[in-house]
Amino acid sequence: MKTLSLLIFFFASMITCKETTTVYICNSPGAKKYHNTSNCRGLSNCTYKIVKVDIEKAKKEGKTLCGWEK
Ligand SMILES: [Zn+2]
């Protein structure tokens with residue numbers, strides 16, 4: 001029984017370790033950048049909605065890390 005709970009713990013920690021990075025993008029048609037923080041300077045002039053997306057999704061859409069983040 002103890003082994004089982006250890007196994008469950010093991011798998012649960014594996015799931016939480018596999019974290020996906022969430023980035024922020026301005027939901028405008030012309031937005032080409034993603035941001036690590038929602039209060040980034042690059043997002044301050046966003047007149048559209050700021051949305052949270054998976055970093056892989058942002059990259060797939062051709063977005064690159066915003067210049068203010070470096
Ligand atoms: Zn930014």
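Counting starts at 1 for both ligands and their atoms, in listed order. We're numbering straight along the sequence, starting at 1.
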Inset, instruction - Round to 10° and report the angle made at the Zn ion (ligand 1) by SG of Cys40 and SG of Cys66. - result: 110°

Legend entry - the Zn ion (ligand 1) - closest N/O/S atom in His35: ND1

Inset, instruction - Report yes or no: do Ile25 and Tyr48 belong to one cluster of Ile/Leu/Val/Met/Phe/Trp/Tyr joined by side chain heavy-atom distances under 4.5 Å? - result: no

Inset, instruction - State yes or no: do Val51 and Ile55 share one hydrophobic cluster built from I, L, V, M, F, W and Y residues joined by side-chain heavy-atom distances below 4.5 Å, directly or via other members? - result: yes

Legend entry - Under 2.5 Å between SG of Cys26 and Cys46: yes

Inset, instruction - Could you tell me which N, O or S atom of Glu69 is nearest to the Zn ion (ligand 1)? - result: OE2

Inset, instruction - Examine the side chains of Lys33 and Thr64 and answer whether a donor and an acceptor come within less than 3.5 Å of each other. - result: yes

